[in-house]
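We count ligands from 1, going down the list as the structure has it; atoms in each ligand are counted the same way. Keep in mind it's a predicted model, so treat the numbers as computed, not measured.
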Amino acid sequence: MRVLIIEDDPAIAANLYDFLEARGHSVDAAADGVTGLHLAVTHPFDSILLDLGLPGMDGATLCRKLREEAHVDTPVLMLTARDTLDDKLRGFEHGADDYVVKPFALKEVEARLLALHKRYTGKVTSRALEVGELTLDPRTLAIRFAGASVKLPPKCIRLLEMLMREPGRVFSRKQLESEVWGDVQETSDTLRSHMHILRRALTQAGGYDPIETVHGLGYRLLSRDQDY
Ligand code: CA
């Protein structure tokens with residue numbers, strides 16, 4: 001997991017940092033609220049450990065800005081100094097997902113972070129995807145394009161899902177191949193033929209092809225109401 005620690009107490013921050021890094025996580029740290037918020041908004045983290053009392057900007061304000069202004073929904077585990085109901089409620093009110101009370105056991109912090117991450121990814125992957133006139137429900141694998149139902153083989157669905165998770169982003173052939181076929185070395189014809197089936201099916205259903213070949217780079221998904 002990529003974890004961001006926002007904590008101004010150097011001893012606590014170092015403890016958390018060393019423990020989580022030794023457990024194989026990739027860790028970043030900030031010692032004040034402003035730096036912490038900046039990192040949380042500009043880098044993709046899987047979870048954030050956030051101290052409530054911070055210099056510059058307190059944890060509750062940071063959390064609220066993260067959710068309401070930056071629209072970042074990375075799970076936040078709040079570290080609170082006192083076990084008072086007010087502190088907890090304040091944290092939840094501002095968008096924290098869980099909290100631990102200081103002093104805490106490092107193992108418990110990691111367990112809570114993993115639980116939050118699991119809950120979050122489960123929520124994200126089961127959410128129906130929608131890009132322009134195209135929708136895909138990852139639970140039922142039902143696909144609709146411009147009102148018409150689209151039937152696709154499983155690997156084509158997986159390709160489409162990847163493109164739909166980040167519309168506008170250019171995926172290289174290598175990225176798509178390793179994500180859909182795993183480590184198995186397939187010839188580039190495999191990807192090309194699946195891409196062909198996918199694009200033909202979408203064109204037949206919706207009357208146009210929403211996938212663009214970016215010459216020499218790969219593929220990306222466009223939608224008519226978005227301009228990239
Ligand atoms: Ca503090």
Could you check whether Phe145 and Tyr208 have their ring centres less than 6.0 Å apart? yes
Sorted by first residue and then second, give each salt bridge (charged side-chain N to carboxylate O under 4.0 Å, His left out) pair with at least one member in residues 33-45; sequence neighbours left out. none
Near the Ca ion (ligand 1) (cut-off under 3.0 Å), count of protein N, O or S atoms: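 My tally for this metal is 3.
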Does any part of the side chain of Leu20, heavy atoms only, come nearer than 4.5 Å to the side chain of Leu49, both counted from C-beta?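 Of all side-chain heavy-atom pairs linking Leu20 with Leu49, at least one is under 4.5 Å.
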For Thr213 and Arg199, does a side-chain donor sit closer than 3.5 Å to a side-chain acceptor?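 A pair is found: one side chain offers a donor N or O, the other an acceptor, under 3.5 Å apart.
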If only side-chain N and O atoms count, and only distance matters, is there a donor-acceptor pair under 3.5 Å linking Glu110 with His25? yes
Decide salt bridge (Lys or Arg N to Asp or Glu O under 4.0 Å) for Arg119 and Asp98; before the verdict, give the C-alpha distance in whole Å, the side-chain angles of both, and the deciding distance to 0.1 Å. CA-CA 12 Å; Arg119 204 202 303 164; Asp98 198 3; 5.3 Å; no
